[in-house]
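The structure appears right after this line, and notes come after that.
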Number of protein chains: 2
Amino acid sequence: MPAHPSGSPQPENADAQGAGEGARGGSIAAVAQRVGVSVATVSRVLNGHANVRAATRERVLAEVEASGYRVNELARNLRTAESRLLLTMVPDFGNPFYAEIVRGIDSVARQHGYFMLLCDTGADAGRERGYFDLLRRHRADGAICLDPATVQQANRLMAAESAALPWVACCEFDPDVGVPFVGIDNYRAAHDAVRHLIARGRRRVALINSDEHYLYAQQRRDGWRDALAEAGVEARDVWRVNVNCLDYDAGAQAAAALMHLPAEHAPEAIFAVSDTLAVGVVNGLRSVGRRVPDDVAVVGFDDIALAARIDPPLTTIAQPMRELGETAARLLLRRLADPRASVPGVLLPHRLVIRESA
Amino acid sequence: MPAHPSGSPQPENADAQGAGEGARGGSIAAVAQRVGVSVATVSRVLNGHANVRAATRERVLAEVEASGYRVNELARNLRTAESRLLLTMVPDFGNPFYAEIVRGIDSVARQHGYFMLLCDTGADAGRERGYFDLLRRHRADGAICLDPATVQQANRLMAAESAALPWVACCEFDPDVGVPFVGIDNYRAAHDAVRHLIARGRRRVALINSDEHYLYAQQRRDGWRDALAEAGVEARDVWRVNVNCLDYDAGAQAAAALMHLPAEHAPEAIFAVSDTLAVGVVNGLRSVGRRVPDDVAVVGFDDIALAARIDPPLTTIAQPMRELGETAARLLLRRLADPRASVPGVLLPHRLVIRESA
DNA sequence: CTGAAAGCGCTAACAG
DNA sequence: CTGTTAGCGCTTTCAG
């Protein structure tokens, strides 16, 4: 890891572009000249290579310190052919679930000398291919994709090439396409949630799911369906509502809609595939006069910070968000370190957190 | 703006590093050779320069398309001496307030061909100087700082140099140091909040403020104090509590503490300087048996999405978060476009949003 | 309208 | 231990 000179506050004497000679400004050559050594030596000192005499090293360091010289990473990057940037694609970083994952990514990236390029794919959808082009154009060394839509696009549009690009899928993934991934066992998680509801005596369990175009949504639906079936309950279509957006309002609306079913079919419980949704569900239920959990039990998904703080505190499936991000970053880094190492897919454990809403 | 070839899915024939000749792989030279023109011509086509014969342009474009060539931005960046990256420093991007501002930044940055380097300063505090070094090392062309601690450090440590670096302050700022900024009038905003409480008949108004080391916190405190004074109420010290962290728990704790005051001094209202805090306050109040707003009125700050959705819906001071971010990015971009243009400080309007908590 | 050539600032062989 | 040198791949004068 390169030395990190802490510099003093003198302003650099650099002007606009350093268009002049090549000797004066802030270049490594200028430093070398002033110290009376070669650029190679300065470079070696800067990069912490061992083969420099202590005295020489000191002189270089002193000049660097005095002049406030900073390496130009643009040049270094071209030379070493790496940007030291990791691209993170997220559908919506206002969502606390993704925010926490992104934190995990950022933290391991930084530890390894990488910075994070953040792209909110929701900001301009349909640019899926464009994001991966950032890799091809060397703007980033690798990518982590948290956006299910983009993951699917990538798998579809680039079947052959996709697995060759240095990226990993996080949360949404297809084990069959050869792209490294990290996520949870969505089927089991949903199964666990519904089984808990059943254990609590609820049988008519509704599912508020996201777009079942996504694999994770399909898996959660299947978990829900099968858990119900194992209790001898048929998973009715009217109990299943799909939303395009996982926010509070969508949850409130969906809950209200569900409550319009004739009394004998009305759900006794609702399983929402995201906590933000579930919070909306709880509110929506309250606004149509239903009590939680007395009238309708609610289970969420993710275990964001807010989940424990709403009234009533939300029972939910916890995902290890931070670890999801950290693992994704580590997988990617491993792949960058050795492009032909086979990087595995990893499933992290989820956990049913029982609070008061169910 | 460079042309954006939409490419076809053929995998590139590139191998590891392109370590070979210089003619074959994915370089602009390779494309030039295959088409039978010079690299200059290819470059001109790629960058949309007008002075290329249509027929030549077509041939180049066809080859680019066929070969899946992508420009190497590492090289481009060195040559043009710009990274086309904007650094955003945020204390905590899990906080929905910052998340929304960051969205604003991202959106205008993208529109202008820049990407965003995101640094969560909370992740490793004390590195303030290091962040600005990213500018000196040409890792980013400019920076936007949303972190009050970092803004102050920068103003202090780099008094002379600071104003020379291409950065802008957002939300926390000191008009006197010559760094462009965007924010709101915190004094007036706090004043408005407290005046509203007074108009509602509350006189003992508590303030839950963040660290008054920050300018914005000082301004809000002054607004609170003066609004109280104008109503003939002395702003008592026991009504003022400072927290280090603006999250739910801090709010709940502070509220509980405030409710331990002897009945004749107990606040009839609480003004919390952030909605996340205010949500905690409402919960904390409820948990010690106080009703909102009947026993204690609550006003928050920011107007994050959650504010309207809690029970009771939160009265708050709305900040134009999105615009704050967009404006910050625009100011920065203007400064980059013309380094010696004098970029102004701008104050955006806030707004009192009256809901049910006060 | 097109080509040749000069670097951007740095790292990494390769020679001493 | 240190210096010389050759590019990384691109943009951009400067000449035709």
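Every chain is numbered from 1 and lettered A, B, ... according to where its sequence line falls, protein lines coming before strand lines.
Counting any heavy atom pair closer than 4.0 Å across all strands shown, B:Ser43 reaches a base atom. Contacts of B:Asn51 with the nucleic acid, taken as non-hydrogen atoms under 4.0 Å apart, include base atoms.
Along DNA chain C, the nucleotide nearest A:Val71 and the nucleotide nearest B:Val39 are compared for position; the residue whose nucleotide lies closer to the 5' end is B:Val39. For B:Ala54 and B:Arg79, each mapped to the nucleotide of DNA chain C holding its nearest heavy atom, the one lying further toward the 5' end belongs to B:Ala54. A residue-by-residue look at A:Ala40 and A:Ala50 shows that A:Ala50 has its nearest nucleotide of DNA chain D further toward the 5' end.
Remark: the backbone N or O of B:Leu74 is paired with a side-chain donor or acceptor of B:Asn72 at under 3.5 angstrom. Remark: side-chain polar atoms of B:Arg70 are paired, donor with acceptor, to backbone N or O of B:Gly68 under 3.5 angstrom.
Look at CG on A:Asn47: it is 15 Å from C1' on C:dA13, rounded to the nearest Å. Rounded to whole Å, atom P of D:dT11 lies 11 Å from atom CZ of B:Arg44. To the nearest angstrom, P of C:dC10 lies 10 Å from CG of A:Leu74. Computed from coordinates, the B:Glu82 CD to D:dT11 P distance equals 11 Å when rounded to whole Å. Look at NE2 on B:His138: it is 8 Å from P on C:dG9, rounded to the nearest Å. For the pair A:Arg139 CZ and D:dC10 C1', the interatomic distance rounds to 14 Å; values are reported in whole Å. At whole-Å resolution of the value, CG in B:Leu78 and P in D:dG9 are 12 Å apart. Computed from coordinates, the A:Asn77 CG to C:dT11 P distance equals 10 Å when rounded to whole Å.
For the side-chain contact (heavy atoms from CB on, under 4.5 Å) with B:Cys170, the qualifying choice from B:Thr88, B:Asp147, B:Ile144 is B:Ile144, the only one to do so.
With D:dT4, D:dT11, C:dG9 as the choices, the nucleotide that has an atom nearest any side-chain atom of A:Ala75 turns out to be C:dG9. Taking only side-chain atoms of A:Arg76, from C-beta outward, the nucleotide of C:dT2, D:dC10, C:dT11 with the closest atom is C:dT11. Distance from the side chain of B:Val37 is smallest for C:dG3 among the nucleotides D:dT2, C:dT2, C:dG3. Of the candidates C:dT11, D:dT2, D:dC8, D:dT2 carries the atom nearest the A:Val52 side chain, counting heavy atoms from C-beta on.
For B:Thr80 and D:dC10, the shortest distance from a side-chain N or O to OP1 or OP2 is not below 4.0 Å. Under 4.0 angstrom from either OP1 or OP2 of C:dG9 there lies no side-chain N or O belonging to A:Tyr69. Side-chain N/O atoms of A:Ser38 include one lying less than 4.0 angstrom from OP1 or OP2 on D:dG3. Between A:Thr41 and D:dC1, a side-chain N or O to OP1/OP2 separation shorter than 4.0 Å is absent. Between C:dT2 and B:Arg53, a contact under 4.0 Å exists linking OP1 or OP2 to a side-chain N or O.
Side-chain contact check for B:Gln152 versus B:Asn155: every heavy-atom pair is 4.5 Å or farther apart. You'll find the side chain of A:Leu117 reaches within 4.5 Å of the side chain of B:Leu85, heavy atoms only.
Using a 30° and 60° split on the angle between ring planes, A:Trp167 and A:Phe132 fall in the perpendicular class, above 60°.
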